[in-house]
A.B. asks: 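Structure incoming, see below.
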Amino acid sequence: MRASLGYHIRHRNLNGFTAARLKRMQAIRRKLKRMDDKSTPLGLNQLQDLGGCRAVMNTMDDVDALVCAIREWFPHECRGENDYIRQAKSDGYRCHHLKYAYKGKGATTVYEGRRIELQVRTVLQHSWATAVEAVGLFRGEELKSGKGSDEWLRLFQLMSSEFAVAERCDPAIGMLSSRQRMRELKELNKALGAVKVLDDLSHAVHWATDAITPHNRPAYYLISYDNETRQVTVSPYFKTHYAIAGYESAESLDNISGLDTTNVVLVEADKVDNLTRAYPNYFGDVQLFKMQLNALVHGHPVSEFKIALQQRTIQKPRENPDASWIGRRGLWVEPVRKSINPKKDSGG
């Protein structure tokens with residue numbers, strides 16, 4: 001399904017990127033518990049988003065073109081869709097969701113009926129959603145589920161409406177006028193120090209990618225975020241079965257202890273920059289959201305984002321050392337033999 005998304009993006013010369021993920025076990029449990037609060041709770045077999053594919057597009061025009069292409073040419077069974085872009089959720093969440101059941105041919109019929117949720121959103125909408133998750137992650141609150149600081153939740157509501165207006169969509173129903181939104185945003189930013197908090201998030205996380213080089217890109221990345229140390233580690237995997245085994249091993253630690261001390265996600269991504277762009281909440285990379293908030297509180301409007309995000313870390317070019325000095329008169333040093341087994345080599 002992700003390959004089909006990528007095909008339509010390339011075929012129509014749209015600007016965007018894709019990523020895929022499996023919902024982690026702790027997230028599944030939390031979602032089922034939230035369902036228990038409803039009069040008719042859903043079962044595990046009714047979850048539509050155990051597997052998900054995401055397309056993040058530069059503009060609303062790109063989003064509309066891709067959604068239209070999916071409706072007309074996607075080879076799988078559509079089980080419904082929700083346009084949360086034109087009709088945002090009450091918390092401000094905006095994204096176009098399409099639910100599909102897999103339809104295969106030949107050997108792939110083994111996956112028949114598996115349900116995958118496609119999410120298509122703009123970079124602005126993506127920055128909003130990941131900023132919500134990042135702030136919630138660092139504060140230890142489920143802001144994504146509407147639980148936690150009322151002030152932060154309200155700030156995200158207001159920002160969502162500002163993004164909607166910038167993308168030529170209507171703000172949320174019942175939302176304040178533009179002038180009233182700006183006044184409240186300034187007050188909330190001052191009370192929360194929101195811009196400073198978001199800036200700190202971008203520098204508080206450290207992640208290791210020493211094993212990843214430009215010429216040796218894995219197919220999968222296992223991202224692990226430690227809630228206590230706020231440290232992110234990225235483990236590359238080149239084979240599917242090794243990636244799944246690594247994911248299950250990482251998940252089992254929390255499953256055995258019953259604690260939710262780490263967030264673990266197995267990500268399929270083509271490039272490291274796509275990884276950080278698709279899952280910036282795990283890297284504290286909320287710079288775009290912070291820049292837009294900072295612009296608003298200083299009286300500048302939000303502009304639709306049209307330039308691709310850059311990589312956070314740029315790989316240094318490989319150096320070719322100059323070895324011409326070796327062997328010159330006065331510079332040659334006889335190598336010293338280093339014994340591995342002194343007793344064995346003592347007579348030699």
Side-chain angles (χ1 to χ4, degrees), residues 2 5-6 8-9 14-21 23 27 49 52-67 70 81-89 91-98 117-137 143-144 152 155-169 172 198 201-202 205 221 223 225 263 265 267-296 302-312:
R2 183 187 172 211
L5 278 179
H8 287 301
I9 291 174
L14 305 177
N15 295 310
F17 62 93
T18 66
R21 65 102 178 101
K23 187 177 286 293
D49 61 346
C53 295
R54 175 177 296 156
V56 180
M57 315 303 292
N58 276 18
T59 68
M60 275 302 303
D61 290 338
D62 292 325
V63 167
D64 291 339
L66 181 58
V67 169
I70 293 172
E81 63 179 287
N82 300 101
D83 187 355
Y84 295 123
I85 293 179
R86 266 77 182 191
Q87 294 182 337
K89 288 188 175 182
D91 60 358
Y93 176 82
R94 298 172 64 234
C95 182
H96 200 113
H97 289 200
L98 301 101
E117 183 179 75
L118 307 183
Q119 298 180 356
V120 186
R121 58 174 65 155
T122 65
V123 175
L124 273 181
Q125 295 157 19
H126 188 56
S127 73
W128 182 94
T130 50
V132 170
E133 191 164 351
V135 173
L137 196 64
L143 297 179
K144 185 178 178 180
W152 273 106
L155 182 141
F156 284 118
Q157 271 187 329
L158 295 168
M159 285 296 292
S160 174
S161 289
E162 293 300 321
F163 285 3
V165 172
E167 294 177 327
R168 303 179 302 281
C169 298
L198 292 166
L201 290 184
S202 300
V205 176
Y221 298 91
I223 307 174
Y225 175 84
N263 282 355
V265 62
V267 179
E268 178 186 357
D270 293 328
K271 298 178 181 179
V272 173
D273 57 339
N274 275 5
L275 176 70
T276 55
R277 288 161 61 193
Y279 297 90
N281 49 307
Y282 290 98
F283 300 91
D285 189 3
V286 290
Q287 283 296 299
L288 175 58
F289 184 88
K290 183 210 74 174
M291 288 187 295
Q292 298 288 8
L293 174 61
N294 193 45
L296 282 169
V302 173
S303 57
E304 193 173 27
F305 194 70
K306 296 184 179 180
I307 303 174
L309 293 175
Q310 297 179 353
Q311 281 183 262
R312 165 173 291 211

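Quick note: residue numbers are just sequence positions, from 1.
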A.B. asks: Salt bridge or not between R94 and D83? Use side-chain N to carboxylate O under 4.0 Å.
C.D. replies: no
A.B. asks: Starting at OG1 of T18, measure out to CZ of R54 and round the result to the nearest 0.5 Å.
C.D. replies: 11.0 Å
A.B. asks: As an exercise, state the distance from CD of E268 to OH of Y221, rounded to the nearest 0.5 Å.
C.D. replies: 11.5 Å
A.B. asks: Does NZ in K290 sit with more than 12 non-hydrogen atoms of other residues, nucleotides or ligands closer than 6.0 Å?
C.D. replies: yes
A.B. asks: Take L66 and M57 through the test side chain to side chain contact (heavy atoms under 4.5 Å, CB included) and record every step on the way to the result.
C.D. replies: CA-CA 9 Å; L66 181 58; M57 315 303 292; 3.8 Å; yes
A.B. asks: Once you measure the plane-to-plane angle for Y93 and H97, does it fall in the parallel (<30°), tilted (30-60°) or perpendicular (>60°) bin?
C.D. replies: perpendicular
A.B. asks: Any luck finding a side-chain donor-acceptor pair between T122 and E167 under 3.5 Å?
C.D. replies: yes
A.B. asks: Side-chain contact, heavy-atom cut-off 4.5 Å: V67 with V63?
C.D. replies: yes
A.B. asks: Taking the inter-plane angle between the rings of F289 and F156 on a 0 to 90° scale, is it parallel (under 30°), tilted (30 to 60°) or perpendicular (over 60°)?
C.D. replies: tilted
A.B. asks: Name the one of E81, Q125, R121 that satisfies side-chain hydrogen bond (donor to acceptor under 3.5 Å, both in side chains) with H96?
C.D. replies: E81
A.B. asks: Checking side-chain contact (heavy atoms from CB on, under 4.5 Å) between N15 and each of V56, D61, V123, D62, which is the one that passes?
C.D. replies: D62
A.B. asks: Please round to the nearest 0.5 Å and tell me the distance separating atom CD of E117 and atom SG of C53.
C.D. replies: 10.0 Å
A.B. asks: Output the distance between atom SG (C95) and atom CG (L118), rounded to the nearest 0.5 Å.
C.D. replies: 10.0 Å
A.B. asks: Rounded to the nearest 0.5 Å, what separates atom CG in L137 from atom OG1 in T130?
C.D. replies: 12.0 Å
A.B. asks: Quick one: SG on C169 to CZ on R86, what's the gap to the nearest 0.5 Å?
C.D. replies: 5.0 Å
